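Values below: every heavy atom of this structure, side chains too, minus hydrogens, waters and symmetry copies. These numbers were taken from a predicted model, which means no experiment stands behind them.
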Amino acid sequence: AGRQENRAPEPACTALPWETREKKPSREKACPPESAAAARQAGEMNKRRFARREDLDLSKAEFAVLKRLNTPDKIQTYLDAIPQNFEVGGETCLSVREVLSQRRALCIEGAMIAAAALWVQGEPPLLMDLKATRDYDHIVTLFRRNGCWGAISKTNHPVLRWRDPVYRSLRELAMSYFHEYCNKRHQKTLRSYSVAFDMRRLDPKTWVTQKKSCWDVGRALDAARHYPLVTKKQTKLLRLRDPLEREAQKLQDHRPPRRK
């Protein structure tokens with residue numbers, strides 16, 4: 001049974017969104033006019049390949065930033081330059097607009113910036129959730145080149161970073177993070193990965209221009225279907241990180257602010 005879990009097939013929704021079939025009409029009762037209009041708008045947005053400034057409701061200056069990030073490499077360079085969000089005032093999940101304004105980001109916030117930039121360039125805005133045990137999850141933005149997957153990642157450490165587009169499946173890509181994904185006890189904690197989550201399923205108001213934290217995005221990713229990477233039997237064989245790896249993990253891009 002464990003082997004069958006490990007060989008779980010790639011989910012169908014990893015195909016490019018404009019190649020997927022349309023859903024059959026629902027038999028549920030008709031929605032109120034406002035809800036129906038919102039549903040139609042969401043459906044139209046989901047089919048839209050290029051995100052226009054009007055779609056995202058961004059200012060000309062904000063949209064220009066995303067427009068300049070016209071390759072995954074440029075997006076990654078931009079995210080690396082943004083200071084880490086150390087959540088000094090409390091936990092956050094900043095929208096694209098807030099990240100552009102505040103110039104700080106953590107993984108999911110950087111992932112949304114990358115997704116929006118890719119969408120502006122006509123690429124699907126896909127996120128993948130890496131789920132861990134006794135540790136924090138990590139979110140990356142997916143892109144494809146020549147049929148292979150790569151990942152854009154915002155992190156403050158030398159681990160869990162960018163991945164070149166050389167992975168034939170999402171499982172291969174997720175497994176590339178396995179060895180270095182560990183907690184403060186030096187245990188390897190990555191356990192599963194999600195389907196490719198298309199951000200066009202969500203109203204841009206909830207993740208592009210939201211003033212408050214975008215907790216709905218985190219909940220949607222958490223609720224997405226996940227596939228196991230290792231069996232329970234395999235987890236018992238995992239070795240702790242060695243002393244050299246522990247030292248390497250102490251490196252940081254940006255220093256946290258001093259406590260007052």
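- Here the closest heavy-atom approach between residue Val159 and residue Gln249 is recorded as CG2-NE2, 4.2 Å.
- You'll find the side chain of Leu56 reaches within 4.5 Å of the side chain of Val120, heavy atoms only.
- Ion pairing between Arg161 and Asp80 holds under the 4.0 Å rule for side-chain N and carboxylate O.
- Ring pair Trp207/Trp119 is parallel by interplanar angle, where below 30° counts as parallel and above 60° as perpendicular.
- In summary, the side chains of Ser176 and Arg163 do present a donor paired with an acceptor at a separation below 3.5 Å, with no hydrogens or angles considered.
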Using the side chain to side chain contact (heavy atoms under 4.5 Å, CB included) rule, take Ile152 and Trp162 through it: C-alpha gap first, then chi angles, then the decisive distance, then the call. CA-CA 5 Å; Ile152 302 166; Trp162 158 279; 4.0 Å; yes

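- Residue Phe143 holds its CZ atom at 8.0 Å from CG of Leu118, rounded to the nearest 0.5 Å.
- For the side-chain contact (heavy atoms from CB on, under 4.5 Å) test with Gln84, the passing option among Arg104, Lys154, Gln252 is Lys154; the others fail.
- Considering every non-hydrogen atom in both Thr209 and Asp57, the closest pair reads CG2-O, 3.6 Å.
- A donor and an acceptor atom, one from each side chain of Gln187 and Arg185, are nowhere located under 3.5 Å apart.
- Applying the 6.0 Å contact sphere to CD of Glu91 captures no more than 12 heavy atoms from other residues, nucleotides or ligands.
- Defined by atom type and a distance below 3.5 Å, a donor-acceptor pair is missing between the side-chain atoms of His157 and Glu180.
- The shortest distance between side-chain heavy atoms of Trp149 and Glu172 does not fall below 4.5 Å.
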Give the C-alpha distance, both sets of side-chain angles, the deciding distance and a yes or no for side chain to side chain contact (heavy atoms under 4.5 Å, CB included) between Met199 and Val208. CA-CA 10 Å; Met199 292 296 285; Val208 178; over 6 Å; no

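- Tyr136 OH: 12 or fewer foreign heavy atoms inside a 6.0 Å radius.
- Note that CG of Leu130 and OG of Ser194 are 7.5 Å apart. Values are rounded to the nearest 0.5 Å.
- The structure places CD of Glu123 at 11.5 Å from CG of Leu142, a figure rounded to the nearest 0.5 Å.
- Taking OG1 of Thr92 as the reference point, atom CD of Glu87 lies at 4.5 Å (rounded to 0.5 Å).
- Between Arg97 and Gln210 there is no side-chain heavy-atom pair separated by less than 4.5 Å.
- Under the 4.5 Å side-chain contact rule for hydrophobic residues, Leu240 and Leu238 do not share a cluster.
- In plain terms, the two heavy atoms of Leu127 and Ala115 that are nearest each other are CD2-CB, 4.0 Å.
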Check the pair Arg201 / Asp198 against salt bridge (Lys or Arg N to Asp or Glu O under 4.0 Å), numbers first and verdict last. CA-CA 6 Å; Arg201 294 171 55 185; Asp198 194 330; over 6 Å; no

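- Counting heavy atoms from C-beta outward, Phe178 and Val230 have side chains that approach closer than 4.5 Å.
- Without hydrogens or angle criteria, Thr189 side chain to Ala132 main chain gives no donor-acceptor distance under 3.5 Å.
- The hydrophobic clustering, which links ILVMFWY residues whose side-chain heavy atoms are closer than 4.5 Å, places Leu79 and Phe86 apart.
- Contact annotation: the side chain of Lys131 never approaches that of Arg191 to less than 4.5 Å [non-hydrogen atoms, C-beta and beyond].
- Of all non-hydrogen atoms in His254 and Ala81, the two that sit nearest each other are CE1-O, 3.9 Å.
- Closest approach of Tyr177 and Val140 over heavy atoms only: OH-CG1, 3.8 Å.
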Apply side chain to side chain contact (heavy atoms under 4.5 Å, CB included) to the pair Leu221 and Ile108, showing each step before the final yes or no. CA-CA 10 Å; Leu221 287 168; Ile108 189 171; 4.1 Å; yes

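- Side-chain contact between Asp242 and Glu245 is present, with heavy atoms from C-beta onward closer than 4.5 Å.
- At least one side-chain heavy atom of Phe197 sits under 4.5 Å from a side-chain heavy atom of Leu202.
- Side-chain contact check for Leu170 versus Tyr227: every heavy-atom pair is 4.5 Å or farther apart.
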Assess the residue pair Asp203 and Lys205 against the criterion (salt bridge (Lys or Arg N to Asp or Glu O under 4.0 Å)); give the C-alpha distance rounded to whole Å, side-chain angles, the decisive distance to 0.1 Å, and a yes or no. CA-CA 5 Å; Asp203 188 332; Lys205 292 178 182 179; 5.1 Å; no

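- Between the OH atom in Tyr181 and the NZ atom in Lys188 there is a gap of 15.0 Å [rounded to 0.5 Å].
- Residues Gly122 and Arg49 share a closest heavy-atom pair of O-NE, 3.1 Å.
- Ion pairing between a basic and an acidic side chain is recognised when a charged N comes within 4.0 Å of a carboxylate O; Arg219 and Asp222 show no such pairing.
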Run Val99 and Met112 through side chain to side chain contact (heavy atoms under 4.5 Å, CB included) and show every step you take. CA-CA 9 Å; Val99 170; Met112 289 190 287; over 6 Å; no

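- To the nearest 0.5 angstrom, Ser95 atom OG is 8.5 Å from Leu100 atom CG.
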